Structures are given as structure tokens and as C-alpha cells.
Amino acid sequence: MNGTWISSSPHDLRPLPERIDALLPQTQCRQCGHPGCMPYAQAIVEGEGIGKCPPGGQATVRALARLLGVAEVPVESGIAEPPVRVAHIREAECIGCTKCIQACPVDAIVGAAKLMHTVISAECTGCDLCLEPCPVDCIDMLETAPEQARDRQHKADHARQRFLRRQARLRLGEQRERQERQASSEQRAHHARLAPARERLPEQRRDEHADALKKLRIAANMAQVALSKALKQLASRPNPQLQAQVEQLRGASEKAQAELAQATQHPAATAPVARPAGVEALRRAKIHLVSCRSALKKARQEGTDETRLQALGEALAEAERQLHAAEEASGKPPPDLQRTYKRPVTAASQALKTELAFARSDLSRLQRDPQSAPARLAAAQARLRLAEQRLERLEGPAGPS
């Protein structure tokens, strides 16, 4: 049995190229002139000679002749029983170029760039393809003990599976690279198509927008000046008429500022985005409340007389009332306010919390160590329980007292 490959069953219904490929040694060595064992099998079906597989030797020729029903011919290499060889890397001389890894058809070489490589001897098919690309010639082909026919068939089947998996992985990688290149190309083309559109704005339209923006700036500045004057008058002589005038001027100023901001951020747009009436009123009420608080605070700091302070306080109270009314009218859900209790931290509680943290840390470390003594674990658990009990007695149940 030493020199005979196991031939295909006469009842094998696989296509003929696959049955021929099953008899080849699966070294993928390319010595037959084809890029692999399956291409050579297809060539045999098309009429090519059956004696062109040096690794298979005469045994492969005999098995192919039996399968195809043709006369057996001598193997062209002249070596009837070729030796079994595997690659060996002299690791001290390896420079980590990865070229042998890329050449191996069955992924039998492992390593990384600029790091030492090594051969998985059990997976090596002895194809010699790693010898030529090695730039420092640090790979040797070593002979191994001859194999029985059944072992050689099992190794060939295993090598075929590794080769097919590698080919699938490489195809998947190439497909991903193509998709990434295509996506990048489409993105560049998209940007190239949009570039002229961005620069297509006529000079006349740009000038018109600049003029409109200038008018909006002037209107916003004038509205702000008028509002500032009215606020000063209201601070010195508070009365309902001035208050109503301030509200009107504030609305006009906010509208002018919004139109200016909209035109500045979006040159193509000329009108601001309209907000819901209730939300806009709520926003104005919040701004008004902040303004009233600021005016009252400033008056107190300046030592203003009680009459003016009282008027500013009434204005603040009215602003708060308007804010509550605006909140109800806006339809927005009220904020979910929850009062929380935070226990004050004392020196004793801080010390107990520190002790508790150390106890937990020590116990966790001992639990992770498989060699920890049971007595030390028990002591650490007791220390943790004691720290928890002392802290609970000190602080008591959570919540306000």
C-alpha cells in the first residue's frame, strides 16, 4: 500500500474534474504548469497528459490511469516515489518580510511583519513556493518519514480544505477592497458633481444677499438701541405704559435678531424658521424673567431707594406669573422635579467608607487568586461584613431625618 493512492469509487457521481482532483496530492505546487491541482485536473479532462505531477510520483499516474481507463505512463519527473518534504525556517535569520506567508497556498506559515515566522510542519504540503520569494534564503526543505497511502490521502484532503478556505478568504478580501474603492470613487464623483453647483451662485444674487444682510443688521441694531433706552426709562420711572412699550420693543428686537441669525447661517434662506406660537411665547417669557432678575439684582447692588426696588420686585413677580402662564399655554409637559436627600458626610462616615472600600478590594483580590487560603478569605469576608454593619449603624436608613 505504500506507493498506491486510493482511487475513486466506480459509483462516484461527482464531475470528472473533481474525481481527478481527489487523486492529486493537493500540494498546489504549480510544477505541472498550472496554478493548482484543480486546474490541472480540468486540463486532464481536456486531454492533457497524466504524468505531469512530480509530488504525486508514479502512484498518482497509476491511479489516474485506472480512473480514466488509459494506459499508465512514466511520471515526467523521473522520480517514481518522491520524498516527503516540509519547509523549515531558520528563525534566527528571518527578517519578518511576510513574503513566504503570502506565497503559502495552505496558510502553513505564521508570523507578522518584522517579526519571526515559523512553519506549521503538520500543515506544510512541501510545495516549495515559499523558497523563491524569501529575500534572505532562510528556508530549507527537509525530508520526513514516508507516509502510508491512507495517511497521504487524508493529508491531501485536509490540504485541499485549507487551500479552499484560503482562496475564499482572499476572494472576500478582494471583494471588500473593490467595494471600498468603488464607494470612495463614488464619493469623490459625488463631491465633484456638487462642486460646480456650490460655485454656480451668480454675482447678482450674492450682491442682493449682501444688501439684504446689511439691512437686517441695521434693523437689529436699531431695535436693540430702542429696547435699551426703554429699559432705562422703565428702571427710573416704572409704569404700565412703559412696561407695555418695553414688551413690544423686546419682541421687535428678538424678531430682528432671529432674522439676522437665520440669514447669516443660511445665506440661501431669507425668512426665519417659524416656531409654534406657544413655544415662542414661552421663550420670550423666560428671557423677560431673566432681564427682570438682573435689573433687580443690579439695583440692590447700587443701593437704589426702596420705591424703585419695590417696583422692580413687582415687575419680577409679574414676569414669574407670565412665565407660568406661558408654560401652561405652550403645551409642553412640566419638568419632573424630584427632591433628593443627600446625607452630610462627616469625618467618621468618611473613615468608615474608606475602610469599606479597602475591605471590598481585598476580598475581590483574594477571590480572583486561586491559591488564596480559605482562612484569609473568611477573614476578608468578616472584615467586609463588619465594615458594612458599622457604616449602617452610623448612617441609619437613607432619607431626611
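Quick caveat, the model's predicted, so the values are computed rather than measured. Heavy-atom basis, side chains included; hydrogens, waters and symmetry copies ignored.
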- Message: According to ring-ring contact (aromatic ring centres under 6.0 Å, His included), who are the partners of His34, at least two apart in sequence or on a separate chain?
- Response: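 Testing His34 for ring-ring contact (aromatic ring centres under 6.0 Å, His included), a comparison that skips the adjacent residues, returns Tyr40.
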
[X]: side-chain contact (heavy atoms from CB on, under 4.5 Å) partners, not counting sequence neighbours:
X      : answer
Gln175 : Leu172, Arg178, Gln179
Gln187 : His191
Ala387 : Glu355, Leu356
Thr118 : Glu91, Val110

Please set out all donor-acceptor pairs under 3.5 angstrom arising from side-chain atoms of residues 308-320, sequence neighbours excluded.
from: Arg308; atom 1: NE; to: Ala235; atom 2: O; distance (Å): 2.7
from: Glu318; atom 1: OE1; to: Arg321; atom 2: NE; distance (Å): 3.2
from: Glu318; atom 1: OE2; to: Arg321; atom 2: NE; distance (Å): 3.3
from: Glu318; atom 1: OE2; to: Arg321; atom 2: NH2; distance (Å): 2.5
from: Glu318; atom 1: OE2; to: Gln322; atom 2: NE2; distance (Å): 3.3

Name all residues meeting the side chain to side chain donor-acceptor pair (under 3.5 Å) criterion together with [X]; count only those two or more places apart in sequence or in a different chain, and write none if there are none.
X      : value
Glu143 : none
Ser185 : none
Glu247 : Gln243, Arg250, His288

- Item | Residues Thr98, Gln102; criterion side-chain hydrogen bond (donor to acceptor under 3.5 Å, both in side chains); working and verdict | CA-CA 6 Å; Thr98 72; Gln102 300 169 28; 3.1 Å; yes

Can you confirm whether more than 12 heavy atoms, excluding those of [X], are under 6.0 Å from its [atom1] atom?
X      : atom1 : result
Arg300 : CZ    : no
Arg376 : CZ    : no
Arg162 : CZ    : yes
Glu72  : CD    : yes

- Item | Between Asp21 and Gln26, a side-chain donor and acceptor under 3.5 Å | yes

When you measure from the side chain of [X] to the backbone of [Y], do you find a donor-acceptor pair of N or O atoms at a distance under 3.5 Å?
X      : Y      : answer
Asp140 : Leu142 : no
Glu76  : Cys53  : no
His117 : Leu115 : yes
Arg85  : Gly126 : no
Lys155 : Cys124 : yes
Ser228 : Gln224 : yes

- Item | Electrostatic pair Glu388:Arg385 at N-O distance under 4.0 angstrom | no

- Item | Arg176 with Glu180: basic N within carboxylate O range, under 4.0 Å |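 Glu180 and Arg176: not salt-bridged.
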
Check: residues 358-368 side-chain donor-acceptor pairs under 3.5 Å, at least two apart:
from: Asp362; atom 1: OD2; to: Arg383; atom 2: NH1; distance (Å): 2.6
from: Ser364; atom 1: OG; to: Arg368; atom 2: NH1; distance (Å): 2.7

- Task: Would you name the heavy atoms of Pro25 and Thr60 that are closest together and state the gap between them?
- Result: CD-OG1, 4.3 Å

- Query: Which atom pair, heavy atoms only, marks the closest approach of Ile139 to Cys130?
  - Reply: CD1-O, 3.4 Å

- Query: Heavy-atom distance under 4.5 Å between the side chains of Glu123 and His158, does that happen here?
  - Reply: yes

- Would you sort out whether Glu48 and Gln42 count as a side-chain contact (heavy atoms from CB on, under 4.5 Å), showing the intermediate values? CA-CA 9 Å; Glu48 191 160 340; Gln42 293 171 344; over 6 Å; no

- Which residue pairs pass the salt bridge (Lys or Arg N to Asp or Glu O under 4.0 Å) test with at least one member in residues 212-228, sequence neighbours excluded?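 Applying salt bridge (Lys or Arg N to Asp or Glu O under 4.0 Å) to every pair that reaches into residues 212-228, excluding sequence neighbours, yields nothing.
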
- So which pairs with a foot in residues 101-111 pass salt bridge (Lys or Arg N to Asp or Glu O under 4.0 Å), sequence neighbours left out?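 Residue pairs with at least one partner in residues 101-111: Asp107-Arg166, Asp107-Arg169.
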
- How long is the gap from CG on Leu231 to SG on Cys292, to the nearest 0.5 Å?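 Spacing of CG (Leu231) from SG (Cys292) equals 8.5 Å.
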
- Message: Quick one, Ile44 with Leu68, criterion side-chain contact (heavy atoms from CB on, under 4.5 Å). Give me CA distance, side-chain angles, the key distance, then yes/no.
- Response: CA-CA 10 Å; Ile44 292 176; Leu68 300 174; 3.7 Å; yes

- For the side chain to side chain donor-acceptor pair (under 3.5 Å) test, which of Gln161, His154, Arg160 pairs with Asp157?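 That would be Arg160.
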
